[in-house]
Structure formats: C-alpha cells, structure tokens
Engineer: 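Structure provided below as structure tokens; questions to follow.
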Amino acid sequence: MAQRRLLVTAALPYSNGRLHVGHIAGAYLPADIYVRYLRQRGDDVRFICGSDDNGVAITITAAKEKTTPQDVCGRYRARQEADFDGLGIRFDIYGGTHSPECVELHNRISQGFFLETHKKGLFTKKTTKQLYDAQAGKFLPDRYVQGTCPFCKHGGAYGDQCEDCGRSMDPLALIEPRSTITGSTPEVRETTHWYLRLGEFEARLKVWLESKRESSGDEPAWREATLNFALGQIKASLPERAMTRDLEWGVPVPLPDDPDAAGKVLYVWFDAPIGYVSFTARYCERADGDWKAYERWWKDPACRIIHFIGEDNTVFHALTWPAMLMAEGSFQLPSAVVVNAFLNERGPDGAMLKLSKSRMGDDSALWIEQFLKGYDPDPLRYYLTSIAPENQRGAFEMREFLARNNDELVANLGNLFNRTLTFAKKYFDNKVPEAGTLADVDHELLAALPAAFERIGHQIEHFHFKAALADLMQVARSGNQYFDAKQPWAQRKTDLAGCGTTIHVCLQMIRALTTLMAPFLPFSATKALALLNVPADGALAWDPASARLTAGHPLGEPEVLVKKLDIPE
RNA sequence: UGCGGGGUGGAGCAGUUGGCAGCUCGCGAGGCUCAUAACCUCGAGGUCGCAGGUUCGAGUCCUGCCCCCGCUACCA
C-alpha cells in the first residue's frame with residue numbers, strides 16, 4: 001500500500017479538570033494506537049489534540065477556586081498534558097484554545113471561519129429573553145438556574161429540565177428561579193445571538209452519513225450506533241443553534257460594526273472543533289515555518305481526516321461540525337468519526353458507577369495522575385483496550401485490571417518472551433541459533449507471522465482495536481503452544497540442531513510480536529527491542545520482512561518483559 | 001410519549017451477507033518443567049430476554065411484548 005496522508009484528532013479535553021481512565025479509553029488511547037500503527041506503516045500522519053479552554057464552565061471553576069480563567073485552564077492543561085505523556089499518548093502538538101502559544105492564531109482562524117459563514121448568510125440573528133444574574137454580571141446558561149418546576153412543583157428543578165418529573169422546559173417558566181452561581185434572583189433581559197440554521201444541511205448530511213454505512217476503498221465504514229444516532233437526529237430535524245454567547249471569556253465575535261456583537265464570544269462548541277484546525281496551523285508554523293500549510297491537511301482531499309471522540313460528542317462531530325464545514329465551504333469533511341461509548345466503574349457489588357469528579361475522591365486510582373504513581377502505563381493500555389467500549393459501555397474494575405495483567409499479559413505474552421530468551425541464554429550462548437532444517441510445524445509458525453501482520457493491521461485500519469489486541473494475544477498463545485509441542489528442553493538432549501530450530505523459530509516469533517505489540521504496548525515494545533538487542537531505529541516498521549533476526553545475532557540480557565502485580569486479598 | 005443502545009454458558013464479551021453456538025478469564029481433571037507456580041491438553045457449563053411468524057434451516061430477518069441503560073451535570 002502506498003504512503004497515505006492522514007490527520008488524526010482526539011477530542012479536546014475541557015481544561016477544568018483532570019483526566020481519568022474513562023477519558024483515555026474513550027478517545028485518546030484508540031487514537032494513539034491508530035497513529036502509532038500508521039507511523040509504523042510509514043504513512044504521513046499528524047496527531048492533533050489540545051485543551052478546550054473557552055466557555056462558561058471555565059469561568060465558573062475560576063470563580064469557585066478564586067482565581068482567573070487563564071490560571072484554571074493553564075493549570076489543568078499542563079496536568080492533562082503530563083498525564084498523556086505518562087501514558088505514552090504522544091501528540092504532534094498539544095495546543096490549547098486559550099493557551100499563550102495558540103490563542104492568537106486560534107482566535108484569528110475561528111473568527112475567519114465565523115465571518116465566512118456570516119458572509120454567506122447562513123446565520124440568523126435573533127433576539128430572545130434570557131435570565132440574567134445581575135450580581136454576577138452574566139447571563140445564565142439554563143443549567144445554572146434552579147427553581148420550582150412549573151409542572152410538578154418539585155423544588156430542585158434546573159432551567160432546562162426537572163430531575164423529578166423529567167420534563168424539559170424554558171428556564172423562564174421556572175417558579176422562583178435562583179442563580180446557582182450567586183444564589184440571587186435573576187432578572188429577565190433581552191439578548192441577541194447568531195444562530196446557525198442546521199436544518200439547511202439536513203439533506204447533505206443525510207447523504208454524507210448514509211455513504212458511511214459501507215466502506216469505500218480502504219476507508220472503513222463508520223460504527224453503526226454512531227450513524228443510527230446521527231441519522232435519527234436528522235429525522236427528528238435539526239434545530240437552529242446559537243453560535244454565540246454572552247460571555248467575556250472566549251473568542252470575540254468578529255463583527256466590530258454591529259453593536260449587538262459587543263461583549264459576546266463564539267459558542268465554545270463553535271470554536272472548539274476549529275481548535276483542531278488552529279492547532280494544526282500552529283504545528284505547521286513550528287515545523288514548516290508556515291501556518292498556512294495547514295491547508296495541506298484540511299483542504300486537500302488527498303489527506304484523510306479522522307476524529308476520535310467519546311459518545312457525548314457525537315452530535316457535534318457527526319452533525320454540527322460537518323454542517324459548519326459545509327457552511328464555511330473551503331474545508332473537506334472528515335473521513336471518519338470514531339466514537340466510543342462511556343466507560344463506567346464496576347463497584348464491589350457489581351454496580352455500574354459513573355466516572356465523575358463529584359463521586360471519585362481526589363486520590364482515586366482511576367485518575368491518571370494517581371494511577372501512574374502505582375503502575376506502569378502499558379498494563380493500563382492493555383486493559384483499557386481489552387475492555388474498550390467500542391460497541392457498548394464497559395466498566396473498569398481494579399481487580400480485573402490486576403488479574404488480566406497477570407493472567408494474560410504476563411502469563412501469555414510476557415512468558416513467551418521470557419521462556420524463549422532465557423532458553424537461548426542458557427543453551428545457545430545468548431545468540432540466535434541457526435534455523436537448520438525446518439519441519440512442517442516450523443514452517444507453519446513462521447508463515448503465520450506475515451499473516452498476523454496482515455490481519456492485525458486490517459483490524460486496526462477498521463478501528464477494531466479490541467479485536468486486534470485479542471488477535472495479537474492469540475498469536476502469542478500459538479507461540480506458547482508451539483514451544484510446548486516442540487519440547488526444546490527434551491530436544492536439547494537428543495537433537496541439539498532441532499532444538500536450535502525451535503528456539504530460532506520462537507525468537508522470530510517474539511521479534512515479530514515486538515512490532516505487532518508496539519501500537520498497543522509501546523513501552524514494552526521498546527524494552528523488547530533491548531532484550532533482543534535490536535537497534536530501535538526503524539525496528540518497528542510494520543513489515544514482516546524487517547521484523548526478522550539473523551542467525552548468530554547476539555541477544556540482550558534476559559529480563560522480565562511484563563511485571564506481575566500484587567493482588568490484594 | 002419519542003429517539004438511540006443493550007439483553008448470548010459463573011464473569012466479561014465476539015458473532016460479518018441466516019447454515020452444526022464461539023473467545024478470554026474463572027472452574028474441574030490430566031500433562032510438562034524451558035519459563036514470572038508461568039505453559040500445554042482435555043472437560044463440565046448456554047431452551048442465544050419472552051411469545052409468535054418467514055424459511056429446508058434464525059442468536060442472525062419480520063411482528064408484538066418484557067427488562068436494563070443513555071438522551072440532564074461534573075464529563076470521553
């Protein structure tokens with residue numbers, strides 16, 4: 001397959017909190033596996049991510065922590081970047097929509113995007129009544145108003161919906177409304193905003209989404225749940241959505257001649273996906289010295305754009321964002337939006353618990369920061385991939401994590417490395433023995449390796465990461481089966497050359513496994529190269545021919561590849 | 001009410017165009033000893049939510065029903 005050009009993005013984390021295992025399982029780990037694989041294949045890839053720093057929630061966190069929005073997003077952004085790094089999730093750029101490095105370019109590109117859409121007349125300017133907190137000096141998002149439900153008279157109803165009777169409502173209908181920010185009684189004020197008429201894109205979106213049901217060329221089909229959900233929304237008709245907000249924190253609405261635009265910013269969901277573009281531009285500026293080179297990725301159909309997101313982002317990435325791109329007109333549409341469901345935590349009693357800031361304590365091991373203090377990243381990458389919520393929700397369970405590390409990663413994959421390497425050390429002078437005369441079983445195992453590259457690569461190409469990992473483990477298992485069937489420990493005494501053949505074949509297998517595991521377990525793959533004494537440079541190319549050892553090659557010092565973890569009683 | 005997802009051996013899940021019900025873990029019994037008591041073999045265990053229908057044949061298609069979870073926040 002020829003070299004391809006791909007731009008891969010992972011959802012922008014909102015920079016008012018830390019990352020937990022659910023974030024990682026949802027968008028970032030699958031994206032990282034995909035990108036690592038593409039790079040091993042030799043494709044030209046950019047991997048883009050960064051923090052989503054704008055919006056009202058940041059300002060509220062800032063108020064709560066008695067600091068500035070800039071401080072909040074700067075602090076959490078740095079924390080998130082460190083967490084990603086610790087897990088081996090390596091972006092080409094980790095931008096930030098309000099980070100010092102990116103904000104200027106981000107604002108410029110976002111405003112250009114808005115203006116182009118505005119020029120085409122695709123916004124409707126509309127004045128509506130909204131609740132205003134005079135004490136806080138800001139309009140209140142629906143969710144920040146609480147009062148008595150006009151339908152069931154329940155006391156704790158929110159401005160958009162009553163938790164008790166489940167009915168949704170207009171916040172103006174709430175009885176005795178209160179601002180949840182200051183506790184004061186809000187007043188009704190008029191405000192003007194720009195609404196994107198999503199309805200005008202329904203037909204085009206529908207055709208586009210329907211075309212994603214089948215794979216075309218080597219572009220895989222989208223997940224069915226994603227398409228059903230998005231198409232269901234279209235069927236129910238897409239509303240006008242306000243693309244501006246009354247707020248001081250964000251990208252200013254670029255209409256200086258319109259007094260109604262004063263003091264307003266772009267809706268955070270309008271500028272966030274544009275962050276993918278502006279971070280790409282910032283990276284191009286850094287790498288190529290020309291920010292405009294981003295067009296090579298975003299406006300050239302020869303490049304393929306893949307977005308990895310969690311399920312809550314489906315509406316924005318499968319509908320709103322493509323509609324924005326259609327509206328603006330000069331960008332290409334994403335090739336794929338890869339959506340994972342949520343990951344929950346399984347409680348001791350088997351109950352499904354949501355991963356949430358409010359429920360999890362600060363020192364919960366499910367925060368990445370905490371997790372990395374106790375464990376290596378690869379076991380987590382393994383476990384999260386093996387339970388990846390690709391089709392339905394999954395659940396994290398600490399005991400299961402430990403058990404699967406020991407019973408699968410250590411016992412199967414790690415053990416195959418260890419028994420092969422220690423055997424070579426003990427009986428073959430720590431060198432790769434001659435292949436010798438190959439019997440059918442030996443041929444079969446060697447022939448299975450290129451097939452595994454093909455198969456696992458195909459699974460990754462199609463975003464079936466869980467299946468790809470299971471396949472990898474099956475390959476390792478077949479190695480253990482081969483080892484047992486050949487009984488080199490017995491061969492050694494009767495047929496030393498045959499024993500050499502066995503170990504030669506096993507070494508070829510673990511060498512191939514090193515390359516095959518690299519997208520999922522990058523740290524272990526690096527360590528495996530050291531154990532095999534193979535120079536890292538170019539060693540992980542996704543190519544069975546280059547993942548081969550020559551007879552006589554000296555090996556490194558044997559050492560355990562994956563550590564066993566203690567399971568508390 | 002509506003929309004979307006799901007209900008498969010003890011647990012967690014796969015099941016593409018309908019064709020003898022699979023995988024991992026766990027469990028039981030053997031084997032092996034190179035290996036982090038790791039590995040290998042065999043086995044037990046399922047009326048595929050319920051009831052109908054189409055078909056030579058359905059977990060897989062159609063109809064009706066039941067149950068669980070989202071569609072609201074911190075959030076992927």
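So you know, we letter chains A, B, ... as the sequences are listed, proteins then strands, and number each from 1. This structure is a prediction, so every number in the text was calculated from the model and none was measured.
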Engineer: Nearest-Å distance, OH (A/Tyr482) to C1' (B/U41)?
Structural biologist: 19 Å

Engineer: What integer number of Å spans the C1' atoms of B/C25 and B/A38?
Structural biologist: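 16 Å, rounded to whole Å.
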
Engineer: Name the nucleic acid region contacted by A/Leu416, choosing base, sugar-phosphate or nothing; use a 4.0 angstrom heavy-atom cut-off, strictly under.
Structural biologist: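 Result for A/Leu416 = nothing.
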
Engineer: Is the backbone of A/Ala439 close enough, under 3.5 Å, to the side chain of A/Asp442 for a donor and an acceptor to pair up by distance?
Structural biologist: yes

Engineer: Which value, in whole Å, describes the distance between the C1' atoms of nucleotides B/U60 and B/G70?
Structural biologist: 25 Å

Engineer: Find which nucleotide of RNA chain B each of A/Lys466 and A/Arg393 is nearest to by heavy atoms, and output the residue with the more 5' nucleotide.
Structural biologist: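 It is A/Lys466, whose closest nucleotide lies nearer the 5' terminus.
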
Engineer: Over all strands shown, is A/Pro389 touching base, sugar-phosphate only, or nothing at heavy-atom distances under 4.0 angstrom?
Structural biologist: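 No contact.
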
Engineer: In whole Å, what is the span from the CE atom of A/Met473 to the P atom of B/C39?
Structural biologist: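 To the nearest whole Å, that distance equals 10 Å.
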
Engineer: Have A/Arg223 and A/Asn228 got a donor and an acceptor in their side chains that come within less than 3.5 Å?
Structural biologist: no

Engineer: Please determine, by modelled atom types, if A/Asp378 and A/Ser524 share a side-chain donor-acceptor pair under 3.5 angstrom.
Structural biologist: yes

Engineer: For a quick check of understanding: with a heavy-atom distance under 4.0 Å over all strands, which category does A/Ala236 fall into, base, sugar-phosphate or nothing?
Structural biologist: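 Nothing, no nucleic acid heavy atom in range.
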
Engineer: Cation-pi check for A/Tyr267 against A/Arg241: NZ or CZ below 6.0 Å from the six-membered ring centre and within 45 degrees of the axis, yes or no?
Structural biologist: no

Engineer: Strictly below 4.0 Å: does A/Asn391 bring a side-chain N or O up to OP1 or OP2 of B/C13?
Structural biologist: no

Engineer: Across all strands shown, which nucleotide pairs with B/G57 by Watson-Crick or G-U wobble geometry, both distances under 3.5 Å?
Structural biologist: none

Engineer: Applying salt bridge (Lys or Arg N to Asp or Glu O under 4.0 Å) between A/Asp376 and each of A/Lys527, A/Lys564, A/Lys563, A/Arg381, report the one that passes.
Structural biologist: A/Lys563

Engineer: In whole Å, I'd like the distance from the CG atom of A/Asn405 to the P atom of B/A38.
Structural biologist: 13 Å

Engineer: Please state how far atom CG in A/Leu366 lies from atom P in B/C75, giving the value in whole angstrom units.
Structural biologist: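 From A/Leu366 CG to B/C75 P: 16 Å.
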
Engineer: Using heavy atoms to find the nearest nucleotide of RNA chain B for A/Ala27 and A/Glu224 separately, return the residue whose nucleotide is more 5′.
Structural biologist: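 Nearest-nucleotide comparison on RNA chain B picks A/Glu224.
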
Engineer: Sequence neighbours left out, what passes side-chain contact (heavy atoms from CB on, under 4.5 Å) with A/His458? Give chain and number order.
Structural biologist: A/His462

Engineer: Which whole number of Å gives the distance between the C1' atom of B/A37 and that of B/C32?
Structural biologist: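 These two C1' atoms come out 13 Å apart once rounded.
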
Engineer: Using both distances under 3.5 Å as the test, list the Watson-Crick or G-U wobble partner of B/G70, or none.
Structural biologist: B/C3

Engineer: Taking the P atom in each of B/G10 and B/C42, what is the distance between them to the nearest angstrom?
Structural biologist: 22 Å

Engineer: Give none if B/C34 has no partner; otherwise give the nucleotide forming a Watson-Crick or G-U wobble pair with it, both distances under 3.5 Å.
Structural biologist: none

Engineer: Apply salt bridge (Lys or Arg N to Asp or Glu O under 4.0 Å) to A/Glu202 and A/Lys206, showing your working.
Structural biologist: CA-CA 6 Å; A/Glu202 282 175 6; A/Lys206 188 169 176 224; over 6 Å; no

Engineer: Please report the distance, rounded to the nearest Å, between CD in A/Gln491 and P in B/U33.
Structural biologist: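 It is 13 Å, rounded to the nearest whole Å.
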
Engineer: Without decimals, in angstroms, what is the distance between A/Phe417 CZ and B/C39 P?
Structural biologist: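 Whole-Å distance recorded here is 16 Å.
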
Engineer: Using distance alone, with no hydrogens and no angle criterion, decide if A/Tyr94 and A/Gln80 have a side-chain donor and acceptor under 3.5 Å apart.
Structural biologist: yes

Engineer: Measuring only the P atom in each nucleotide, how far is B/C75 from B/G4? A whole number of Å is fine.
Structural biologist: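 The same atom, P, in both gives a distance of 28 Å.
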
Engineer: Quick one: do A/Asp53 and A/Val72 satisfy side chain to side chain contact (heavy atoms under 4.5 Å, CB included)? Show the steps, please.
Structural biologist: CA-CA 9 Å; A/Asp53 300 330; A/Val72 169; over 6 Å; no

Engineer: Nearest whole Å is fine: how far is B/C13 P from A/Asp471 CG?
Structural biologist: 20 Å

Engineer: Is the phosphate of B/U41 approached by A/Gln481 (side-chain N or O, under 4.0 Å from OP1 or OP2)?
Structural biologist: yes

Engineer: Before you tell me yes or no, could you show the steps for A/Asp495 and A/Lys486 under salt bridge (Lys or Arg N to Asp or Glu O under 4.0 Å), namely the whole-Å CA-CA distance, both residues' side-chain angles and the distance that decides it to 0.1 Å?
Structural biologist: CA-CA 11 Å; A/Asp495 173 16; A/Lys486 294 293 298 275; over 6 Å; no

Engineer: What's A/Leu355 touching, base or sugar-phosphate or nothing? Going by heavy atoms closer than 4.0 Å.
Structural biologist: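 Base: the residue A/Leu355, judged by heavy atoms under 4.0 Å, touches a nucleobase.
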
Engineer: Taking the P atom of each, how far is B/A73 from B/U17, in whole Å?
Structural biologist: 35 Å

Engineer: Using the C1' atom as the reference point in each nucleotide, state the distance between B/C50 and B/G59 in Å, no decimals.
Structural biologist: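 One C1' to the other, the span is 14 Å.
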
Engineer: With a 6.0 Å cut-off on the ring centroids, do A/Phe91 and A/Phe279 count as close?
Structural biologist: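 No; A/Phe279 has its ring centre 6.0 Å or more from that of A/Phe91.
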
Engineer: Quick one: what's the B/S/- string for nucleotides 23-29 of chain B, heavy-atom cutoff under 4.0 Å, read 5' to 3'?
Structural biologist: -SSS---

Engineer: With rounding to whole Å, what would you report as the distance between B/G9 and B/U47 at their P atoms?
Structural biologist: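 That atom pair is separated by 8 Å.
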
Engineer: Could you run down the sub-3.5 Å N/O contacts of the protein with nucleotides 34-36 of chain B?
Structural biologist:
{"from": "B/C34", "atom 1": "O3'", "to": "A/Lys426", "atom 2": "NZ", "distance (Å)": "3.2"}
{"from": "B/C34", "atom 1": "O2", "to": "A/Arg419", "atom 2": "NE", "distance (Å)": "3.1"}
{"from": "B/C34", "atom 1": "N3", "to": "A/Arg419", "atom 2": "NE", "distance (Å)": "3.3"}
{"from": "B/C34", "atom 1": "N3", "to": "A/Arg419", "atom 2": "NH2", "distance (Å)": "2.6"}
{"from": "B/C34", "atom 1": "N4", "to": "A/Arg419", "atom 2": "NH2", "distance (Å)": "3.0"}
{"from": "B/A35", "atom 1": "OP1", "to": "A/Lys426", "atom 2": "NZ", "distance (Å)": "2.7"}
{"from": "B/A35", "atom 1": "O3'", "to": "A/Asn418", "atom 2": "OD1", "distance (Å)": "3.0"}
{"from": "B/A35", "atom 1": "O2'", "to": "A/Asn415", "atom 2": "ND2", "distance (Å)": "2.9"}
{"from": "B/A35", "atom 1": "O2'", "to": "A/Asn418", "atom 2": "OD1", "distance (Å)": "3.0"}
{"from": "B/A35", "atom 1": "N3", "to": "A/Asn415", "atom 2": "OD1", "distance (Å)": "3.3"}
{"from": "B/A35", "atom 1": "N3", "to": "A/Asn415", "atom 2": "ND2", "distance (Å)": "3.4"}
{"from": "B/A35", "atom 1": "N3", "to": "A/Arg419", "atom 2": "NE", "distance (Å)": "3.4"}
{"from": "B/U36", "atom 1": "N3", "to": "A/Val562", "atom 2": "O", "distance (Å)": "2.7"}
{"from": "B/U36", "atom 1": "O4", "to": "A/Leu561", "atom 2": "N", "distance (Å)": "3.3"}
{"from": "B/U36", "atom 1": "O4", "to": "A/Val562", "atom 2": "N", "distance (Å)": "3.1"}
{"from": "B/U36", "atom 1": "O4", "to": "A/Val562", "atom 2": "O", "distance (Å)": "2.8"}

Engineer: Over how many whole Å does the gap from A/Phe229 atom CZ to B/C69 atom C1' extend?
Structural biologist: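 Value for this atom pair: 14 Å.
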
Engineer: Of all the nucleotides listed (B/A38, B/C75, B/G4), which has the minimum atom distance to the side chain of A/His23?
Structural biologist: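 Nucleotide nearest to A/His23's side chain: B/C75.
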
Engineer: What distance do A/Asn313 atom CG and A/Asn340 atom CG have between them, rounded to the nearest 0.5 Å?
Structural biologist: 12.0 Å

